[in-house]
Colleague: 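Attaching a single structure in structure tokens format; questions to follow.
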Amino acid sequence: MRVATVVSSVVCCLAVVGWAAEPSIQTLLKQLDSSRARERLHAVQLLGERGPQGAAAVPKLVQLLDSKELGLRHESVLALGKIRSAPDLVVPALMRILSGTSPLLRHSAIDALRQFGPEAQSALPELKRQLGDMNPLVKVGAARAIVAIEPDRADSEASAVQVLIASLESESPEVSAEAVQGLTEVGAAVVPQLLMVVGSPRAQASIHASDTLAAIGPPAREAVEPLIAAVAARNLDVRWHAIQALGAIHASADRVIPVLGRALRDESPEIRRHAAQALGQYGPAAASTVPGLINALNDKDIFVRRAAAATLGEIGSLAEAAIPTLVASMDDADGSVTISAAEALGRMGKVAVPALMEQLKKVHFQQLVAMILGEIGPDAVEAVPALVGLIHGQDTETAREAILAVASIGPAAKRAVPELIKALQDERHSNRAAAAFALGRLRDAAATGALKNVLDVAQDPLLQLAIAHALLELNPGHEDTVRLVLPHLLACLAAVSPQVRIEAASTLGRLGPHAKLAIGALEVALADESDDVRLEALLALGQIGPDSHGAVPKILPLLADADPEFRETASYVLGRIGPTAKAAVPALQRLAESRDHEEQKEALWALVRIAPDENSVRTAIPLLAAVLHGSEPATVRIEAAQTLSQIGTGSQAAREALRTALQDSDPSVKQAATLALDRLK
């Protein structure tokens, strides 16, 4: 179920570097008829990149499959696979290509069919014939497509898997890579066959089998022993690929970590590097290897040093003994090692703060260290005085990172408030918006007056947005504050910067029903040139709720949008508006029959909120129960509980789901489940 995620992300506005508007679908459609070959080709490529949003171009792209230009035909095939729309039209067109003479086109058509999944069932007989093709890339592509289209047919999968396993021996990087991808998509079921290949004397096959096991990850845990044996192989590439797989599988730590620890001392830098990286996958469980990793920080090979630093960061505070060496590594001749060492110190948290404060005294490290202290957050409170000293420094970027670090530390950094107010009030200060953002995060009411005074005269939309956001942080739900900031948020909704418009819409959504005066402006924003702005405006209307009923005519067309995210979000928003959105019922009923599970779920949720009938309620209850038991955000689980309380009368499944939710780890979900059960009594 799609809900607005309203976050205080004004930070990302602070470094907006410009925006290049993408050409519209209509513009690209016109370019398909251009007299210039390069322009036609580029339009096809861009349409493919739009994915499902490019659905309107499908008929024209199908026509281009008969073009005399091989490049245009090839790009049209690729685009149709990415758009993945209108299978009844596209699948037969792609199948015709499979009888052609060009291996390149055949392989691309096969890959496009694979992306349709079960919707390309009619292509299976032809794809199975392609398993005998003389071209290895066509053959392995067909095997991968069969697995994707018919994953539950053991006979089809067996023949396809056989081709994929055999293709692991290919010397062609393209063929072997496709085999690895195909076997990874099959998953744990192929692990027993891969175990035999890992131990094979054929190095190439063993390497690719290890890569597949690595991609499968933890479900391939039974491969640990064969991979450990492969670490001792003579072939260097076989060894490091096996080490990489041991890290990715992340199992049997007691057995694997000593093997990787010994590999840190291997004579090959390649082995040492991959051993260090693999240990990072085990995190704190690899603490016993800290002495070896400290030694690796002084390795002659920069890649080993960088990997060792990163892994010490993954181990975290248990690697405290490495702090002096990591500090020394910040002076490494290679900049990437410097950054890795600084990040590792940051991941160690509080124990590393004194060392980072020492590094903050070095001008050339100030920006990086301020950023790392910000990532540590509240545990870096002792660094606040040093960070405050940088707020008015000459280096703009360093000052900004210091301000944002103070913001991340939060209320414990209130001693920074006076200097932040000075920065906010200084018209020459280049980080006024950052200062406003930080004042909001520090939650000190003493900043309210200064923020209001600057808001009255602020002309910069970014500064207006940051101040509005800060005032709402300081006075959540306060009606006077809402009235004060609302005109400025509406002005930001028309700003030149798309990122400012996005954040303005998001903040209006956060206000919920208090932002009902913004409904007209949000309706206008539904036609914004930026899809991200449109999406945030749509979500904001949903957060406002029933008062947005006047926007329903503008929302209805989005139920037929080419982009599934817009269709699903529109369904959610209409459900939030509730019974006054009855005009949407016919379109929602069509979406409720969708093959796409998410689309169906959103449409059913909306229907039971707007105009529940026996059929939609019966179908929706198990879906809502699954949401309540799942890993969705707490706000989504709460909405599921509330909806079950409205439609679950007489349903044992609804009551059982709500009783289970009484054990939820989130108190607000527990409360929602309790209230819902009371309502069903």
Side-chain angles (χ1 to χ4, degrees), residues 7-19 356-357 360-377 380-381 383-444 446-474 485 488-489 491-492 495-497 499-500 502-504 507:
V7 294
S8 51
S9 55
V10 178
V11 182
C12 56
C13 292
L14 302 174
V16 175
V17 293
W19 184 276
L356 286 166
M357 288 172 64
L360 202 59
K361 296 175 182 178
K362 301 176 181 177
V363 174
H364 58 292
F365 283 152
Q366 285 175 341
Q367 184 180 343
L368 175 61
V369 173
M371 188 184 303
I372 298 301
L373 288 167
E375 290 178 6
I376 293 175
V381 64
V384 170
L387 291 166
V388 168
L390 300 175
I391 289 175
H392 302 290
Q394 292 184 348
D395 187 278
T396 300
E397 294 300 314
T398 298
R400 188 184 70 169
E401 290 303 336
I403 291 170
L404 295 180
V406 168
S408 295
I409 293 169
K414 284 185 178 179
R415 70 185 77 180
V417 168
E419 296 306 316
L420 290 169
I421 289 176
K422 284 182 185 178
L424 173 69
Q425 294 173 330
D426 185 353
E427 293 182 6
R428 296 167 300 176
H429 203 292
S430 57
N431 287 304
R432 298 175 77 196
F437 172 74
L439 287 167
R441 292 292 298 271
L442 268 54
R443 305 288 175 87
D444 189 335
T448 301
L451 287 163
K452 288 180 177 178
N453 290 338
V454 176
L455 183 60
D456 284 340
V457 296
Q459 299 297 315
D460 176 23
L462 181 56
L463 181 57
Q464 289 179 312
L465 178 63
I467 294 175
H469 194 280
L471 286 168
L472 291 170
E473 288 275 357
L474 290 168
V485 303
H488 298 281
L489 289 173
C492 290
V496 173
S497 164
Q499 193 62 46
V500 171
I502 290 167
E503 294 301 329
T507 305

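This structure is a prediction, so every number in the text was calculated from the model and none was measured.
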Colleague: I need the minimum non-hydrogen distance between Ala423 and His392, along with the two atoms involved.
Modeller: N-CE1, 3.8 Å
Colleague: Measure across Arg441 and Ala407 and return the closest heavy-atom pair with its distance rounded to 0.1 Å.
Modeller: CB-O, 3.6 Å
Colleague: If you compare all heavy atoms of Ala412 against all heavy atoms of Val381, which two are closest, and at what distance to 0.1 Å?
Modeller: O-CG2, 3.5 Å
Colleague: Going through the distances and angles, do Ile372 and Glu375 end up as a side chain to side chain contact (heavy atoms under 4.5 Å, CB included)?
Modeller: CA-CA 5 Å; Ile372 298 301; Glu375 290 178 6; 4.0 Å; yes
Colleague: In Å, rounded to the nearest 0.5 Å, how long is the span from CD1 of Ile403 to OG1 of Thr398?
Modeller: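 If we round to the nearest 0.5 Å, Ile403:CD1 and Thr398:OG1 are 11.0 Å apart.
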Colleague: What distance separates Ile502 CD1 from Thr507 OG1, expressed to the nearest 0.5 Å?
Modeller: 11.5 Å
Colleague: Could you tell me the separation between the CG atom of Leu420 and the NZ atom of Lys414, rounded to the nearest 0.5 Å?
Modeller: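 Answer for the CG-NZ pair, Leu420 versus Lys414, is 13.0 Å.
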Colleague: For the pair Ile409 and Leu387, evaluate side chain to side chain contact (heavy atoms under 4.5 Å, CB included) and give the outcome as yes or no after the intermediate values.
Modeller: CA-CA 11 Å; Ile409 293 169; Leu387 291 166; 3.9 Å; yes
Colleague: Work out which heavy atom in Ala433 is nearest to a heavy atom in Ala466; give both atom names and the distance.
Modeller: O-CB, 3.4 Å
Colleague: Quick check: closest heavy atoms across Val454 and Gln425, and the distance to 0.1 Å?
Modeller: CG2-CG, 4.3 Å
Colleague: Which distance, rounded to the nearest 0.5 Å, do you find between the CG of Leu472 and the CG of Leu451?
Modeller: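 It comes to 11.0 Å.
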Colleague: Could you check if a side-chain atom of Ile376 sits within less than 4.5 angstrom of a side-chain atom of Leu356, using non-hydrogen atoms only?
Modeller: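 A side-chain contact exists here, since the closest heavy-atom pair is under 4.5 Å.
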Colleague: Which heavy-atom pair separates Leu489 from Ala504 by the least distance, and what is that distance?
Modeller: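 Leu489 and Ala504 have their closest heavy atoms at O-CB, 3.8 Å.
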Colleague: Mind checking the CD1-CG spacing from Ile467 to Leu439? Nearest 0.5 Å is all I need.
Modeller: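 Here the rounded value is 9.5 Å.
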Colleague: Does a side-chain heavy-atom distance below 4.5 Å link Arg415 with Pro385?
Modeller: yes
Colleague: Take atom NZ in Lys452; do more than 12 heavy atoms of anything else shown fall under 6.0 Å from it?
Modeller: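 No, not enclosed.
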Colleague: List the steps and the verdict of side chain to side chain contact (heavy atoms under 4.5 Å, CB included) for Arg432 and Glu427.
Modeller: CA-CA 8 Å; Arg432 298 175 77 196; Glu427 293 182 6; 4.0 Å; yes
Colleague: So, His429 side chain and Lys422 main chain: donor-acceptor pair closer than 3.5 Å or not?
Modeller: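 No.
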Colleague: How long is the straight-line distance from CG of Leu390 back to CD of Gln366, given to the nearest 0.5 Å?
Modeller: 5.0 Å
